[in-house]
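The structure appears below as structure tokens.
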Protein chains: 2
Amino acid sequence: MRIVIKMKTTANSAPRGASKPPGRALLQAQISRLGLKHSRQRDLVADVFFAMGGHVSVEQLVAAARRNDPRVSVATVYRTMKLLADCGLAFSRQFDGTQTRYEPAAGRPHHDHLICTGCGTIAEFAEERIETLQSRVAATHGFQVETHKLEIYGRCADCRRGKGPEARP
Amino acid sequence: MRIVIKMKTTANSAPRGASKPPGRALLQAQISRLGLKHSRQRDLVADVFFAMGGHVSVEQLVAAARRNDPRVSVATVYRTMKLLADCGLAFSRQFDGTQTRYEPAAGRPHHDHLICTGCGTIAEFAEERIETLQSRVAATHGFQVETHKLEIYGRCADCRRGKGPEARP
DNA sequence: ATTTATGCAAAGAATTTGCATTGTA
DNA sequence: TACAATGCAAATTCTTTGCATAAAT
């Protein structure tokens with residue numbers, strides 16, 4: 001089953017003129033803390049990432065970053081995203097098993113995902129009772145929960161009402 | 001529907017003394033239904049797969065199959081597992097995002113997974129109330145559920161009581 | 001005899017890594 | 001000036017595929 005992910009929150013990655021980049025500041029803090037060095041492309045990748053909203057692939061990040069600086073390498077994007085993930089500023093997800101996707105983690109509450117198998121739209125939801133039941137199940141098995149992943153695949157409202165799997169990968 | 005079980009008296013891969021291979025028969029039925037051709041290595045892969053229990057990687061399947069016939073190719077194992085999955089006889093899972101793992105689907109009830117981040121042990125569980133809540137959440141968002149994936153990661157009882165992350169891939 | 005399956009190796013796709021060079025502090 | 005970061009290409013890992021040959025119906 002190949003899932004084509006389409007961003008519903010079609011965020012434009014273009015750097016808004018004078019808008020402040022909060023994600024960049026968070027990354028900068030981690031960089032200082034770890035004794036690493038600041039760099040132009042790390043800022044760029046962070047800006048682009050936090051501007052895009054969520055569930056973005058590395059491919060999308062590279063494309064977006066290159067709109068600002070055509071010479072950023074995929075390696076740098078991979079390295080920067082890994083840094084962000086290691087710092088707890090981004091979560092990495094693999095919805096379809098092939099590409100890794102990232103979403104901002106800064107101060108966002110926990111949530112799980114609904115993924116449309118028709119158009120690839122990803123919706124988020126939080127259900128406290130499910131979390132509770134998960135902990136209970138884990139306890140029953142003697143497990144201490146660290147993380148969990150809950151993904152519900154199905155057809156979204158739009159795709160159900162007539163619109164067949166539209167051609168827009 | 002008539003199911004023809006052809007038992008070869010040659011190399012028997014089943015560990016259980018004289019037990020017959022039900023999985024092989026199921027595969028054979030699908031092969032006939034689809035107008036495909038029977039083959040020795042498909043039987044072998046099916047036998048090995050259904051004998052291994054579940055959550056097996058292709059790598060493990062290849063190794064197990066080659067104990068019976070050293071010349072089975074990875075390509076054939078991949079192709080056979082994909083056939084089994086397409087026929088509904090196996091589920092493919094990607095717990096870690098890298099390797100695909102398979103588990104038998106024949107007549108087994110739905111379940112989700114608890115995965116130990118220490119030793120890699122995978123336990124199964126079923127919690128009806130979680131399923132119910134999932135459907136409800138999906139309905140709220142206008143989704144029609146097709147499948148879902150729930151994985152709880154944590155430390156199993158064994159790993160929690162002192163035993164450090166032992167090497168048991 | 002016809003058509004499918006296999007095996008091998010090459011091809012792909014996603015991600016990582018070695019290393020010379022550039023950039024930062 | 002040191003040392004980390006970048007870019008590029010080669011290397012890795014998992015999986016798929018093209019093609020000649022073997023096997024099944």
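Reminder, nothing fancy here: chain letters follow the sequence lines and each chain counts from 1. Being a predicted model, the structure only gives us computed values, none of them experimental. Worth knowing before you read on, the calculation uses all heavy atoms, side chains too, and leaves out hydrogens, waters and symmetry mates.
- Note on residues 134-143 of chain A: pairs passing side-chain hydrogen bond (donor to acceptor under 3.5 Å, both in side chains), not counting sequence neighbours, are Gln134(A)-His148(A).
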Nucleotide N/O to protein N/O under 3.5 Å, stretch nucleotides 13-15 of chain D:
unit_1  : atom_1 : unit_2    : atom_2 : d
dC14(D) : O3'    : Thr98(B)  : O      : 3.4
dT15(D) : OP1    : Thr100(B) : N      : 2.7
dT15(D) : OP1    : Thr100(B) : OG1    : 2.6
dT15(D) : OP2    : Tyr78(B)  : OH     : 2.6
dT15(D) : O5'    : Tyr78(B)  : OH     : 3.3

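- Two residues are said to be in side-chain contact when any heavy atoms from C-beta on lie closer than 4.5 Å; Arg93(B) and Glu103(B) meet this criterion.
- Regarding Arg40(B), its CZ atom lies at a distance of 7 Å from the P atom of dA24(D), rounded to whole Å.
- Taking 4.0 angstrom as the limit, Arg79(A) places none of its side-chain polar atoms (N or O) nearer than this to OP1 or OP2 of dA5(D).
- Counting only N and O atoms by type, the side chains of Glu124(A) and His110(A) include no donor and acceptor under 3.5 Å apart.
- The separation between Arg71(B) atom CZ and dA23(D) atom C1' is 13 Å, rounded to whole Å.
- With Arg129(A) contributing its side chain and Leu133(B) its backbone, the two residues share no donor-acceptor pair below 3.5 Å.
- Atom CG of Asp43(A) is separated from atom P of dT6(D) by 10 Å (rounded to the nearest Å).
- Contact check, Ser73(A) against dG7(D): a side-chain N or O comes under 4.0 Å of OP1 or OP2.
- Rounding to the nearest 0.5 Å places NZ of Lys82(A) at 13.0 Å from SG of Cys87(A).
- Side chain of Gln30(A) to main chain of Leu27(A): no donor-acceptor pair is present (N/O by atom type, distance under 3.5 Å, no hydrogens or angles).
- Atom CG of Asp69(A) is separated from atom C1' of dA5(D) by 14 Å (rounded to the nearest Å).
- Glu146(B) and Thr117(A) share a side-chain donor-acceptor pair at under 3.5 Å.
- Look at CE on Met81(A): it is 13 Å from P on dT6(D), rounded to the nearest Å.
- Between the side chain of Arg42(B) and the backbone N or O of Lys37(B) there is at least one donor-acceptor pair closer than 3.5 Å.
- Residues Leu36(B) and Val72(A) each lie close to DNA chain D; by heavy-atom proximity, the contact nearer the 5' end of the strand is made by Val72(A).
- Here OG1 of Thr98(B) is found 8.0 Å from CZ of Arg101(B). Values are rounded to the nearest 0.5 Å.
- A nucleotide of DNA chain C counts as in contact with chain B when one of its atoms lies under 4.0 Å from a heavy atom; the first and last such, 5' to 3', are dT3(C) to dC8(C).
- The base of dA24(D) is paired with the side chain of Lys37(B) by a donor and an acceptor separated by under 3.5 Å.
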